[in-house]
Amino acid sequence: MNRSPVRVRFAPSPTGYLHVGGARTALFNWLLARQSGGAFILRIEDTDRTRHVEDSLRKIMADLRWLGLQWDEGPEVGGPYGSYFQSECLARYHHCADRLLRSGNAYYAWETPEELNALREQARREKRAFKYPRPDPLPTIDAGLAAQRAGKPVVVRFKMPESDICVSDVILGEVEMKREELEDFVILKSDGWPTYHFAVVVDDHEMQITHVLRGQEHLMNTPKHIALQRALGFDTPVYAHLPIIMNMDGSKMSKRDKDRSVRAAYQQAVKAGTLDETTACAISGVDAGTFVEWRAANTTLESDALRKLADHLHVRPPEIDVHDFRASGYLPEALTNFLALLGWSPGHDREILTRNEMVELFSIERIGKTSARFDREKLLAFNTQYCAAAAPQHLLAAFRDYAEASGSPLGKLDDTMLLRVLEVCRGMRTLADVDNKSGVLFVPDEQVRYEPDAVRKVLEKKDGQGYAILERLLPVLESTEPWTAEVLDAAIKSFAEQQNAKLADVAQPLRVALTGRTISPTIGETLALLGRGRTHARVRRCLSLRGAA
RNA sequence: GGCCCCAUCGUCUAGAGGCCUAGGACACCGGCUUUUCAAGCCGGCAACGCGGGUUCGAAUCCCGCUGGGGUCACCA
């Protein structure tokens, strides 16, 4: 608190949806900016055109906004520090590269990928670490230009200084990197585009970034960035490397996890003979070559294709991207609260925090060093709490968003009805629970599917006692007036007493008759929501279906 | 494998030498509530990786070991 204004950035590359790990990084940066009265900048690192995924920028921005992390400078909002797309800043990078070339801090090189790979392979065989062998003497600028004209794949490499580099990290302390470990890395690719290391350093300086909060997987990149900053005469920002977020099994949480789970289900289906490669390929909608590569675990599938396949296989891949959580019915405030506690703690046994409290309490000093496992159960518990505490109108808005992201059939209800359904489903862990519990009340009667287990255990047992009760109950329902939850509950209760039956012996058969399952809102609400006509129709249909299946 | 980072209940963590017979939350187990599923309420189990130091005193400081993770591209 009360620190001087910082300038921080979140810099995704547009290669897909926003990952939860990225979301936490964005959140921490945003918190720091807000509490210091500084600026949170969104910058798009789109220097690899081969990995660019159509529409991903729009999705990333939508998810950031969903999380409540609006940026002060960047796409759609502009700002004083030039384009926030690296693809539009090529001149900037070339200018800096020229400076390095001329000052002797960088040089041209033109080995082919094959030559480089051969060198790496050789190093591997000799069991030593590969390091790009700096030519001696260095090629002249003219020689580089000539090679370029001759059609060679000419890159610019940075000449690493001859000294050890110490990274001062607010979280990790001083991290010493030996000079021998650092190689002359590429800053300009042969296609003329900058590499990540170079673009980051140039842009962070250009945008006057003061603090860099990023994942710990970037720690080994930092000495490169510091060396570059020194050679260009730039200030080094404050670095803070965040602990890595891992799966419960200890592996790094990555988008590949989704592919893994779907691939496993696919292979199982093939083994069981319920699916073949051609069909699966058609379902996913990708071409055969792409599919074969995916099946062999060499690549990941684009998210739409993966979802189609997952749906067909009836598997739920783990939520990894922010959008996955959105479509699974999580509230943004629950997700961000949970994410905030992954690697950070406000102390004093505080856990549930409003956004304002987070802003107030956040500090880099209280970020931990140890990697954190992503415990879905705990997130679920947070979400349950947030759902329970949400005001009706807020829950309604959240559900509308969820319905859009998930395609929930309840999305077509009007506000009044949806509000009522939401109220009746209080106690939900996710918004998807509302679908599970009440969805069937809003489908056409003939679409009600009777679960064999439910029919057997509730309707058929004891010589069809459930059916018998329903037959006797029908006239009672016909005469009940008015058709409201309270009155219906009372009517069913007194019917049960009169029959000398437990309430459950009446309510459960009725529930199964109306929904095909043993799960629904309270029986009175279920009837009220359904209405008199459909209630009768469903009970009669249930009775007429007796023994049919 | 080289380099780097890390190490408190199953999980997220509090703990900055005595306040620790180690606190909270989730999960788990038991009970209550109950017309289903949830939710809710009450209670319980459960950790300082190991070995050396330093100190009157160590979860807290130092060293070693072990274990886990990250990273080694013309990807970001």
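Every chain is numbered from 1 and lettered A, B, ... according to where its sequence line falls, protein lines coming before strand lines. Everything quoted here is computed from the prediction, not taken from an experiment.
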Quiz item: P atom, B:G24 versus B:G44: distance in rounded Å?
Solution: 10 Å
Quiz prompt | Separation of B:U71 P from A:Glu183 CD (nearest whole Å) | solution = 16 Å
Exercise. Quick one: label A:Ala507 by what it contacts on the DNA or RNA (base, sugar-phosphate, nothing), any heavy atom closer than 4.0 Å.
Key: base
Quiz item: What is the distance, rounded to the nearest whole Å, between atom NE2 of A:His19 and atom P of B:C75?
Solution: 21 Å
Quiz prompt | Closest nucleotide among B:A25, B:U35, B:U36 to the A:Ala504 side chain | solution = B:U35
Quiz item: Whole Å only: how far is the CG atom of A:Asn117 from the P atom of B:A73?
Solution: 10 Å
Quiz prompt | A:Lys369 side-chain N/O to B:C6 phosphate OP1/OP2 under 4.0 Å | solution = yes
Quiz prompt | Side chain of A:Ser345 - closest among B:C5, B:G24, B:U13 | solution = B:U13
Self-check item: is_close_aromatic(A:Phe362, A:Trp344), centroid dist under 6.0 Å
Solution: yes
Self-check item: Check: B:G24 base within 3.5 Å donor-acceptor of A:Glu351 side chain
Solution: yes
Self-check item: Distance below 4.0 Å between A:Arg366 side-chain N/O and B:G15 OP1 or OP2
Solution: yes
Exercise. May I ask you to say what A:Thr384 touches in the nucleic acid, namely base, sugar-phosphate or nothing, with a heavy-atom cut-off under 4.0 Å?
Key: sugar-phosphate
Self-check item: Touch class at under 4.0 angstrom, heavy-atom based, for A:Asp489 against every strand present
Solution: base
Quiz item: Taking atom CG of A:Asn221 and atom CD1 of A:Ile226, what is their separation to the nearest 0.5 Å?
Solution: 11.0 Å
Exercise. Kindly say if A:Arg157 contacts the phosphate of B:C74, meaning a side-chain N or O under 4.0 Å from OP1 or OP2.
Key: yes
Practice problem: Name the residue closer to the 5' end of RNA chain B, choosing between A:Phe382 and A:Gln508 according to the nucleotide with the nearest heavy atom. | Solution: A:Phe382
Practice problem: Indicate, with yes or no, if the rings of A:Tyr196 and A:His225 have centres closer together than 6.0 Å. | Solution: yes
Practice problem: Report the distance from atom OH of A:Tyr132 to atom C1' of B:G2, rounded to the nearest whole Å. | Solution: 21 Å
Exercise. Measure the distance from CZ on A:Arg124 to P on B:C72 and round it to the nearest whole Å.
Key: 17 Å
Self-check item: Distance test, side-chain N/O of A:Lys252 to OP1/OP2 of B:U71, below 4.0 Å
Solution: yes
Self-check item: Comparing A:Val155 and A:Leu172 on RNA chain B - which has the more 5′ nearest nucleotide
Solution: A:Leu172
Exercise. For B:A73, take OP1 and OP2 only and decide whether either is under 4.0 Å from a side-chain N or O of A:Arg120.
Key: yes
Quiz item: Is the charged tip of A:Arg43 near the ring of A:Phe10: under 6.0 Å from the six-membered ring centre and within 45° of its axis?
Solution: no
Self-check item: Distance below 4.0 Å between A:Lys189 side-chain N/O and B:C75 OP1 or OP2
Solution: yes
Exercise. Take A:Phe338 and A:Phe374 through the ring-ring contact (aromatic ring centres under 6.0 Å, His included) test and state the conclusion after the steps.
Key: CA-CA 9 Å; A:Phe338 173 74; A:Phe374 194 94; 5.0 Å; yes
Self-check item: Cation over ring face, A:Arg128 and A:Phe130, 6.0 Å, 45°
Solution: no
Quiz prompt | Presence of A:Thr522 side-chain N/O under 4.0 Å of B:U36 phosphate oxygens OP1/OP2 | solution = no
Practice problem: Please check the phosphate of B:A76 (OP1 and OP2 only) for any side-chain N or O of A:Arg43 closer than 4.0 Å. | Solution: no
Quiz item: At under 4.0 Å between heavy atoms, what does A:Leu380 touch on the DNA or RNA strands: base, sugar-phosphate, or nothing?
Solution: nothing
Exercise. Write down the distance between CZ (A:Phe130) and P (B:C72), rounded to a whole number of angstrom.
Key: 14 Å
Practice problem: Examine B:A39: is either OP1 or OP2 under 4.0 Å from a nitrogen or oxygen in the side chain of A:Arg429? Give yes or no. | Solution: yes
Quiz prompt | A:Ser371 (side chain) and B:C6 (base): donor-acceptor pair under 3.5 Å | solution = no
